[in-house]
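Worksheet for the structure shown next.
The figures here come from the full heavy-atom set of this structure, side chains too, leaving out hydrogens, waters and symmetry mates. Since the model is a prediction, treat every value here as computed from it, not as a measurement. Note that the numbering runs from 1 along the sequence shown for the chain. Remember, it's 1-based here, ligands and their atoms both numbered in the order they're listed.
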Amino acid sequence: MASRGAFNSRIGFILAAAGSAVGLGNIWKFPFEVGEGGGAIFLVMYLAFCFILCFPVMVTEIAIGRKTQKNPVGAFNALGFSKWNFVGKMGILCGVLILSFYNVVAGWAFGYFLEMVSGNFGIGANFGGYINDIGRVGLYGALFMFATAWIVSKGISGGIERAAKFLMPTLVGMILLLVAYALTLPNAMNGISFYLVPDFSEVNLGVVGSALGQAFFSLSLGMGALITYGSYVSKQDNIVQSAAFITLADVGIAFIAGLMMFPFVFSQGLEPQGGPGLIFVTLPGIFETFGGSMGIIIGSAFFLLLSFAALTSTVSLLEVPVAYVVDELKIERKHAVWVVALVIFLIGVPSMIANGDSQFFTSFITYIGAAAPTDFMTFVGDVANDTLLPLGGFLIVMFAAYVWKKENLNEEMEIGFPNKNSLVLKYIDFAVSYLCPVVLGCLFILTVLNKYFGISLFG
Ligand code: PHE
């Protein structure tokens, strides 16, 4: 029965990790980042970063997790390099920051499900007013955090993953049908060419930095989420193959979400640079075109499935700080969960009111050399997703290649991998030792100087 047990755990891990990766990052964030990043050129960079740089980082995180069976801080300690556990601590901070705003957006998605149920398609045009209705948005955010904490406290994420096995393919199927519909709409082709025909004159450091941040965010990398999940992986598993599957699934879903969104945006005469409201402004009007009850069914199913996809991601985001508090501070899980969730919810409150409600949080900070101020929610995203995640990825590969040593990483990777001379293993070895450290290190310095200090080293 041993092999059957291993099979079960493998599927369990893949579903959990894919559930963490696939979420608002694919369907909410990816399209608006493409829209703001000049269209196809952003897509090209995102794809390149995911496959060339992030895939090897993912294998490394899972390998460290499986080797040590620990949370991201404990993992560095367990390997005997406690000086490096600051990388894990930074990851935990990142998880806290990301969840603080992610939960707010998840609350919007859930609220939209309720609006669709009641047939309120006008909500799209009223998105700005909707998110400033702090009573409602606060309530949905609180509900979402409560659901996340409840799942993490019961340790019943297994059930969630099994549900995800049916719900995620349903969401994918639905998006594909919507893509087919989108292509029949007037102006659809303008959307497709915006999305798929690159204009290389649009490239600048800002776009490179956001594409890199989006690749890390979308794959749940750079903060130890996959160290934590990797700690549950069995010693017989082929982690390289699992990582490849997770990467393909996540990138594939983001890609089709873009194929759906841009024809919709152009057919409605909207601007692709709509920012974080893009899907929320665009989709209700589309669902309305299906007419009456059909629109209600499709619209509410879509936002319910999106909320569910978000939930499997919020669970993984909360799991990271909770695992740390439980293991390292020796606090009981059932208490730790609620305290950590409450703290993160409170950190999210400024993000809830950063879209007009509070002038202070709406114009929170002006980066040096920037024309306009940045709101609190975007600021937290800039720091956590676009800065700390790639930095975390850089430090994790540096650690694996030069501190823990790549022989140890290779040994862990080769467990469960049938062909030791495979080109994939050779590529990962090369990427972790040279390519990722150099490229991630340089891009980190260039994008930080550019984004926060307005200094561009290249013209
Ligand atoms: N990858 C998730 C998404 O795309 C977000 C996430 C980031 C989850 C980092 C865990 C860790 O929605």
Side-chain angles (χ1 to χ4, degrees), residues 15-34 46 49-50 54-55 57-58 61-62 65 71-72 88 90-110 144 148 151-152 157 160-161 164 168 171-172 175 210-230 243 246-258 276 279 305-324 344 348 380-393 396:
L15 287 175
S20 167
V22 177
L24 295 170
N26 307 60
I27 291 155
W28 160 70
K29 199 166 192 296
F30 175 72
F32 88 72
E33 293 276 354
V34 173
Y46 166 79
F49 289 145
C50 284
C54 290
F55 167 64
V57 177
M58 183 183 284
E61 278 202 31
I62 301 172
N71 69 76
M90 197 175 87
I92 286 157
L93 172 72
C94 240
V96 168
L97 292 176
I98 292 177
L99 183 52
S100 79
F101 74 80
Y102 197 97
N103 182 64
V104 175
V105 181
W108 297 349
F110 180 71
F144 215 92
T148 306
I151 292 165
V152 173
S157 43
I160 292 289
E161 270 103 53
M168 283 221 272
L171 179 62
V172 171
I175 295 174
S210 349
L212 183 66
Q214 176 63 21
F216 273 85
F217 180 80
S218 168
L219 293 167
S220 305
L221 286 179
M223 52 161 274
L226 291 181
I227 295 183
T228 310
Y229 275 17
I246 297 160
T247 306
L248 279 172
D250 187 64
V251 172
I253 293 178
F255 181 75
I256 59 169
I279 67 164
L305 290 169
L306 179 60
S307 305
F308 189 84
L311 190 61
T312 53
S313 301
T314 53
V315 164
S316 75
L317 282 161
L318 185 60
E319 179 63 35
V320 175
V322 167
Y324 168 70
I344 297 177
V380 175
D382 283 350
V383 171
N385 315 343
D386 291 356
T387 313
L388 294 180
L389 291 183
L391 176 63
I396 288 167

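Scanning the protein for heavy atoms near atom 3 (C) of ligand 1, the closest one is A21 O, 3.2 Å. Of all protein heavy atoms, the one closest to atom 8 (C) of ligand 1 is S220 OG, 3.3 Å.
Considering all non-hydrogen atoms of both residues, I98 and M223 come closest at CD1-SD, 4.3 Å. Nearest heavy atoms, C54 versus L219: CB-CD1, 3.5 Å.
Y102 contributes atom OH, which lies 4.0 Å from atom CG of L24 (distance to the nearest 0.5 angstrom).
Only side-chain heavy atoms of S316 come within less than 4.0 Å of ligand 1; its backbone N, CA, C and O stay farther off. Here K29 has no heavy atoms under 4.0 Å from ligand 1, in either its backbone or its side chain.
Ligand 1 has an N or O atom lying under 3.5 Å from an N or O atom of L24, backbone or side chain. Geometrically, ligand 1 and L221 share no nitrogen or oxygen pair separated by less than 3.5 Å. Looking at ligand 1, you won't find any N or O of L317 less than 3.5 Å from one of its N or O atoms. Checked by distance only, ligand 1 and F217 come closer than 3.5 Å through their nitrogen or oxygen atoms.
Each of T148, L99, L317 was checked for a side chain to side chain contact (heavy atoms under 4.5 Å, CB included) with I344, and the lone residue meeting it is L99.
When each atom of ligand 1 is checked for a heavy atom of M223 under 4.0 Å away, the hits are 9 (C), 11 (C). Of all the atoms in ligand 1, the ones that sit under 4.0 Å from a non-hydrogen atom of S313 are 2 (C), 12 (O). Interface atoms of ligand 1 facing S218, defined by a heavy-atom separation under 4.0 Å, are 1 (N), 4 (O).
Side-chain contact, N71 with T228: no donor N or O sits under 3.5 Å from an acceptor N or O. Side chain to side chain, S218 and Y46 meet the donor-acceptor criterion of an N or O pair below 3.5 Å.
With distances taken over non-hydrogen atoms, the option nearest atom 2 (C) of ligand 1 out of S20, A254, A18, G23 is S20.
In this structure, the side chain of Q214 engages the main chain of G25 through a donor-acceptor pair within 3.5 Å. In this structure, D250 contributes its side chain and T247 its backbone to no donor-acceptor pair below 3.5 Å. With hydrogens and angles disregarded, a donor-acceptor distance shorter than 3.5 Å links the side chain of S313 to the backbone of S20.
Residue contact check for ligand 1: Y102 places a non-hydrogen atom closer than 4.0 Å to it.
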